[in-house]
Amino acid sequence: MGIFTNPSSPSFTRALHIKDRFLQSFDSLKQLKHVHSQLIRIGLDQENYLLNLLLRSSFDFKDTHYTRLVFHQTHEPNVFLWNTMVRGLVSIDCFKDAIASYASMRREGFSPTGFTFPFVLKACARLLDFRLGLKLHSQVVKLGFSCDVFVNTSLVSLYAKCGYIEDALKVFDDIPNKNVVSCTAIITGLAKCGNMERARLLFDEMGEKDIVSWSTMIQGYASNGLPKQALELFHNMLDHGLKPDCYAMVGALSACARLGALELGEWASSLMNIDEFSINPVLGTALIDMYAKCGSMTKAYDVFKGIRAKDRVVWNAEISGLAMNGHIPAAFAVFGQMQKYGIPPDGNTFVGLLCGCTHAGLVNEGRQYFNIMVRILSLAPTIEHYGCMVDLLSRAGLLDEAHQLIKSMPMEANAVVWGSLLGGCRLHRDTQLAEHVLKKLVELEPWNAGNYVQLSNIYSASHKWDDAENVRSLMGERGMTKLRGCSWIEVCGIVHEFLVGDTSHPLSEGIYSKLSELDKDLRAAGYVPTTEYVLFDIEDEEKEHFLGCHSEKLAVAFGLISTGPAEVIRVVKNLRVCGDCHEAIKLISKITGREIIVRDTNRFHCFSGGTCSCKDYW
DNA sequence: ATAGGGTTAG
């Protein structure tokens, strides 16, 4: 029996006093230890209720040494103390220790309670240990917790995190009293495996929605490449009178980043106290990334400067942003700063740096960074690093060396790597190697129509008519639908979408008359439309007249007629920018004196005064 | 007398 059962005991008031002290927070471990010493002095240091509060507070300081000391000095730990131990270890990310602690608890003969399982299952989920999960699940059943909604929600989350969505669904379906949390757990799992339709059905069926469920859906759309749906839901959430939390904000910002929707992104960020972005590095990173992907590095840098506790991810986002926007010396300088501040770089840091080298064609610098990473820092290069190196070498025309590197890689090359080599083939007009690469790409991405189109174009150009025809019929057999080129432009906070040859826009007439006006100007400037790009074109479209109707041209023309003369025109395209359009947009930037930024699947093209920041390589 | 499950950026 504990001290609180006997109010007449002389220690009762002192125990109450100490209990109240535990309900406040502690500024330092020293303060906590002081209260511990008081417990010992007044002889209450074996009072399990108070010890449990002490143990719980001790985890705030992430000092497992002291935590263990408290626990081991307890003569007769009860199940509350064991649960607190497991929970605390999970809360400080010591998942293996948490599981070990659970094992000790069982060895000591304690039977887990309904509270124990959520903690230990969470540890298991974070370790992605499916086998242990199965064992725990059978204990859950054996000990009679199969109807506990808390325990089952943890199981759903565990299976979903490990990628076993069917098992997760099975557990979920059998939960008798589902609630908003268990629904959110399964929605997370469905979103993770890309099944947003089913996730949405469940979401719409949920009676009660809270900020977590909204945020989960928004984030699910954003990370599954459905940014418009993400933003639509974000608006819905606001209409329901909910204020975005940092999770919803990160989802909305990443959707804006994908769409290149700068104004929307700034509007979204204005819904949150601006200080939050300086205090929370996750939020800050999302905002940097949004600005970077919208081509606005000046603003990204302001955010970056303001973030108080810059972790490695913050630094990486800034470096990558600068690199992808072509500010290479600045990217190198920020890397220098990062080292000065003693933040050790990781693999992602080097992806950013190598991407910068590729952008600027700095072959030697790229080789140096690769060596620093591998030889000095002993970081194992991933396929992304090889992709950057292949890109770098290919761009410089070192196609053989790039091809050799692919063959010598410790892993199988993926489509990105082969795609980089193909870029080099395109730039340096090597159709033979391109044919080889495209065959690989068709194998690796049988669903990607662009590869078939390019391969067939190359066959046609080298008069291999039969091969060309075979590729075409293969496309037909596989029921391929060509991915239609699609571009977005945001004007006054509204995202306008254009498809190839689109005439559905309300201002379509104005857009096309602007295009024919530009056509005259371009011809007067001596521009001759080129057909050689057709060879490597991924959009299989008739080019019956110059300045045809590729989506990026439509979007640019719309930008010209609907924005002020000093505004930057920002277009985002879902495919690589077409070569012909690229030439045309360069000249449009010269004739109109406008700055035009086109982000395609590979990189930024900043057109200004008749040239492009990509130096005609993409 | 004590506690619990679900959501974020590269």
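Just so it is clear: chains get the letters A, B, ... in the order the sequence lines come, proteins before strands, and each one is counted from 1. Fair warning: this is a prediction, and the values are worked out from it, not measured in the lab.
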Can you say whether a donor on the side chain of A:S154 sits under 3.5 Å from an acceptor on the base of B:dG5, or the other way round?
no
Is there a donor and acceptor pair, one atom on the side chain of A:D148 and one on the base of B:dG4, closer than 3.5 Å?
yes
Strictly under 6.0 Å, is that where the ring centroids of A:F145 and A:F115 end up?
no
Do A:Y49 and the base of B:dT2 stack face to face, with centres under 5.5 Å apart and an angle between planes under 30°?
no
Classify the nucleic acid contact of A:S254 as base, sugar-phosphate or nothing, counting any heavy atom under 4.0 Å across all strands shown.
nothing
How is A:F117 classified with respect to the nucleic acid when contacts are heavy atoms under 4.0 Å: base, sugar-phosphate, or nothing?
nothing
Contact class for A:G352 (heavy atom, under 4.0 Å): base, sugar-phosphate, or nothing?
nothing
Report the nucleotide, chosen from B:dA3, B:dT7, B:dA9, that has the shortest atom-to-atom distance to any side-chain atom of A:Y247.
B:dT7
Given atom CZ of A:R87 and atom C1' of B:dG4, what is their separation to the nearest angstrom?
8 Å
Determine whether the side chains of A:T349 and A:D346 contain a donor N or O and an acceptor N or O closer than 3.5 Å.
yes
NA contact type, A:T216, heavy-atom cut-off 4.0 Å: base, sugar-phosphate, or nothing?
sugar-phosphate
Please state how far atom CG in A:L81 lies from atom C1' in B:dT2, giving the value in whole angstrom units.
10 Å
Which part of the nucleic acid, if any, lies within contact of A:K192, taking any heavy atom under 4.0 Å across all strands shown: a base, the sugar-phosphate backbone alone, or nothing?
nothing
Against the side chain of A:N78, the closest entry in B:dT7, B:dT2, B:dG5 is B:dT2
Taking any heavy-atom pair under 4.0 Å as a contact, classify A:T188: base, sugar-phosphate, or nothing.
sugar-phosphate
Checking all strands, does A:N179 fall into the base, sugar-phosphate, or nothing category for heavy-atom contacts under 4.0 angstrom?
base
When you measure only distances, ignoring hydrogens and angles, does the side chain of A:D210 come within 3.5 Å of the base of B:dG6 through a donor and an acceptor?
yes
For A:V351, answer base if it contacts any base atom (sugar-phosphate contacts may also be present), sugar-phosphate if it contacts only those atoms, and nothing otherwise; contact means non-hydrogen atoms under 4.0 Å.
nothing
What's the OH-P distance between A:Y102 and B:dA3, to the nearest Å?
21 Å
Within the structure shown, what part of the strands sits under 4.0 Å from A:V156 by heavy-atom distance: base, sugar-phosphate, or nothing?
nothing
At 4.0 Å (heavy atoms only), tell me whether A:S213 reaches a base, stays on the sugar-phosphate, or touches nothing.
base
Centroid-centroid under 6.0 Å between A:H359 and A:F604 rings
no
Rounded distance in Å - CE (A:M237) to C1' (B:dT7):
12 Å
Output the single nucleotide from B:dT8, B:dG4, B:dG6 whose closest atom is nearest the side chain of A:P118.
B:dG4
Would you mind telling me which of B:dG6, B:dT7, B:dA9 lies closest to the side-chain atoms of A:T184?
B:dG6
Take the protein atom NZ of A:K310 and the nucleotide atom C1' of B:dA9, then report the distance between them rounded to whole Å.
16 Å
Answer with base, sugar-phosphate or nothing: what part of the nucleic acid does A:D289 contact at a heavy-atom distance below 4.0 Å?
sugar-phosphate
What nucleic acid atoms does A:K293 come within less than 4.0 Å of, heavy atoms only: base, sugar-phosphate, or nothing?
sugar-phosphate
Counting side-chain heavy atoms from C-beta on, which of B:dG6, B:dA9, B:dG5 comes nearest to A:V282?
B:dA9
Determine the contact category for A:K19: base if any of its heavy atoms lies under 4.0 Å from a base atom, sugar-phosphate if only primed atoms, P, OP1 or OP2 are that close, otherwise nothing.
nothing
Under the rule for salt bridge (Lys or Arg N to Asp or Glu O under 4.0 Å), what residues qualify as partners of A:R14, not counting sequence neighbours?
none
A:I319 CD1 to B:dA9 P: how many Å, rounded?
20 Å
So, do A:W267 and A:H235 have ring centers that fall under 6.0 Å from each other?
yes
Grab the CD1-P distance between A:I218 and B:dT8 for me, whole Å please.
12 Å
So, for A:Y386 and A:F370, is the gap between ring centers shorter than 6.0 Å?
yes
Compare side-chain N and O positions of A:K209 against OP1 and OP2 of B:dG6 and report whether any pair is under 4.0 Å apart.
no
A:V151, nearest nucleotide to its side chain (from B:dG4, B:dA3, B:dT7)
B:dG4
With respect to the side chain of A:R56, which nucleotide from B:dT7, B:dT2, B:dA3 is positioned closest?
B:dA3
Can we call the ring centroids of A:W82 and A:F71 under 6.0 Å apart?
yes
Run the ring-centre check on A:F335 versus A:W315 and record whether the distance is less than 6.0 Å.
no
Ignoring the backbone of A:Q219, work out which of B:dG5, B:dA3, B:dT8 is nearest its side chain.
B:dT8
For A:I186 and B:dG6, what is the distance between atoms CD1 and P respectively, to the nearest whole Å?
14 Å
